[in-house]
Amino acid sequence: MKRKKIVAGNWKMNMTLDESVNLINELKQISTNDVDIKIAPSFTNLNKAVSLLDSSKIEVIGQNVHSEQRGAFTGEISIEMLKSVGVYSIIIGHSERRKYFNENDSILSKKAKMAIDNSLNIIFCIGEELSEREKGNHFELIKNQIINGLFGLDKDQIKNVVVAYEPVWAIGTGKTAENYQIQEMHEFIRKLFNDKYGSDISHQIRILYGGSVKPNNAEEIFSLNDVDGGLIGGASLNFSDFNAIVQAANG
Ligand code: PEP
């Protein structure tokens with residue numbers, strides 16, 4: 001089964017409003033029908049990004065969301081707030097949220113459930129630290145992240161989930177995982193979905209790779225059997241790199 005590829009840019013805590021506007025105006029030139037393109041600007045730039053991309057196929061998504069609907073959670077952003085500015089998808093469980101903001105499996109599964117229950121699509125990130133891989137624990141760890149984070153969702157809900165496998169040691173380091181490491185983990189993840197939800201879901205679910213994807217390695221990574229595109233950090237911050245990565249997914 002052919003799954004449409006996704007290239008999603010995670011801008012993290014980068015880009016002022018003016019910088020975002022400039023980049024978005026360049027991104028509007030990207031031409032492809034074969035790739036779902038998404039960008040995740042910071043919260044302060046979402047509203048503007050949505051209006052600039054109103055008639056474009058590029059989707060604006062959030063980097064995070066709170067698990068409660070509303071209330072006394074100073075500094076947090078709710079699902080309702082995101083939807084009110086035209087954002088209908090978010091990233092959940094990025095390793096930087098797990099590591100620097102102590103978001104554990106139980107918080108993340110709550111966020112995932114709340115988001116899906118309220119009609120937000122999610123890109124759910126998982127990934128192991130280098131120390132876990134060196135101990136040979138990486139498959140077990142990924143399995144637990146998926147079971148704990150996502151397997152509370154039912155078969156209909158899981159259709160609104162995209163998974164991003166991002167080995168933590170490859171994020172922002174310039175060190176990409178080897179192709180065989182990427183493919184074997186993606187295959188393993190797809191099998192988990194097969195065992196839990198059946199073969200239709202496992203064939204449909206899109207599994208992105210993230211971790212130092214650049215124009216020079218995107219094509220070979222995206223050509224791996226179980227890789228359905230990428231979550232891109234650093235290289236999503238300039239037009240020519242991001243465009244080259246989108247074109248690599250276009251093939
Ligand atoms: C990311 O932050 O999700 C990521 C993959 O970053 P980078 O592409 O910079 O490694």
Side-chain angles (χ1 to χ4, degrees), residues 1-8 10 34-36 38 59 61 65 67 88-95 97-98 103-129 132-133 136-168 170-171 177-211 213 221-232 249:
M1 173 191 191
K2 187 152 166 50
R3 293 174 293 269
K4 192 171 181 187
K5 291 210 166 34
I6 297 174
V7 174
N10 174 15
D34 293 341
V35 183
D36 287 334
K38 303 173 194 288
E59 186 191 2
I61 69 174
V65 71
S67 58
Y88 296 96
S89 302
I90 36 153
I91 299 171
I92 291 184
H94 192 280
S95 63
R97 298 296 317 172
R98 293 177 187 261
E103 294 194 1
N104 57 27
D105 284 351
S106 119
I107 293 172
L108 295 172
S109 75
K110 201 168 163 200
K111 286 190 178 197
K113 176 103 178 62
M114 191 59 108
I116 298 282
D117 279 347
N118 289 281
S119 314
L120 274 193
N121 299 323
I122 63 177
I123 297 181
F124 193 85
C125 303
I126 50 177
E128 81 285 356
E129 298 276 351
E132 298 295 337
R133 180 169 277 272
N137 287 347
H138 44 299
F139 288 108
E140 196 57 24
L141 185 131
I142 294 298
K143 183 176 170 183
N144 288 334
Q145 287 181 344
I146 290 180
I147 292 175
N148 297 335
L150 289 177
F151 279 5
L153 299 174
D154 67 28
K155 212 167 170 173
D156 270 341
Q157 295 177 315
I158 207 75
K159 291 179 183 155
N160 300 317
V161 174
V162 169
V163 175
Y165 169 58
E166 302 202 296
V168 180
I171 296 181
E178 301 284 341
N179 289 345
Y180 83 89
Q181 294 173 315
I182 300 174
Q183 172 52 30
E184 70 178 2
M185 187 57 87
H186 281 232
E187 198 177 330
F188 174 76
I189 294 167
R190 203 174 295 287
K191 169 116 185 14
L192 293 174
F193 281 90
N194 181 68
D195 295 347
K196 170 78 180 168
Y197 296 103
S199 73
D200 281 359
I201 298 281
S202 80
H203 284 111
Q204 278 163 27
I205 193 155
R206 290 183 285 181
I207 308 173
L208 313 183
Y209 169 77
V213 176
I221 294 172
F222 295 162
S223 71
L224 299 169
N225 263 349
D226 287 295
V227 175
D228 305 311
L231 183 55
I232 319 297

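In this chain, numbering begins with 1 at the start of the sequence shown.
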When rounded to the nearest 0.5 angstrom, what distance separates [atom1] in [X] from [atom2] in [Y]?
X    : Y    : atom1 : atom2 : answer
N104 : K110 : CG    : NZ    : 11.0 Å
F193 : K155 : CZ    : NZ    : 13.5 Å
H186 : N225 : NE2   : CG    : 11.5 Å
I123 : I61  : CD1   : CD1   : 4.0 Å
L224 : Q183 : CG    : CD    : 5.5 Å
I232 : L208 : CD1   : CG    : 8.5 Å

[X] to [Y] - nearest heavy-atom pair and separation:
X    : Y    : answer
F188 : F139 : CE2-O, 3.3 Å
S89  : L120 : N-CD2, 4.0 Å
I116 : I122 : CD1-CG1, 4.1 Å
G127 : L141 : O-CD2, 3.8 Å
G229 : K5   : N-CD, 4.1 Å
R190 : S202 : NH1-O, 2.8 Å

Is the backbone of [Y] close enough, under 3.5 Å, to the side chain of [X] for a donor and an acceptor to pair up by distance?
X    : Y    : value
Q157 : K113 : no
R97  : I92  : no
K111 : V65  : yes
Q181 : E178 : yes

Less than 4.5 Å apart, side chain to side chain, heavy atoms only: is that true for [X] and [Y]?
X    : Y    : value
I189 : I126 : yes
Q145 : E128 : no
Y209 : N179 : no
D226 : I207 : no
V213 : V7   : no
L192 : K143 : yes
D105 : R98  : yes
K38  : I6   : yes

* **side chain to side chain contact (heavy atoms under 4.5 Å, CB included) partners of V168, counting only residues at least two apart** =>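 Counting only residues at least two positions away or on another chain, V168 forms a side chain to side chain contact (heavy atoms under 4.5 Å, CB included) with S95, E129.
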* Asked: In this structure, are over 12 heavy atoms from other groups packed under 6.0 Å from K4 atom NZ?
  ->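 Enclosed: over 12 neighbouring heavy atoms sit under 6.0 Å from NZ of K4.
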* Does any pair with a residue in residues 199-208 pass salt bridge (charged side-chain N to carboxylate O under 4.0 Å, His left out), and if so which ones, sequence neighbours excluded? ->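 Every salt bridge (charged side-chain N to carboxylate O under 4.0 Å, His left out) pair that includes a residue of residues 199-208, provided the two are not neighbours, is D36-R206.
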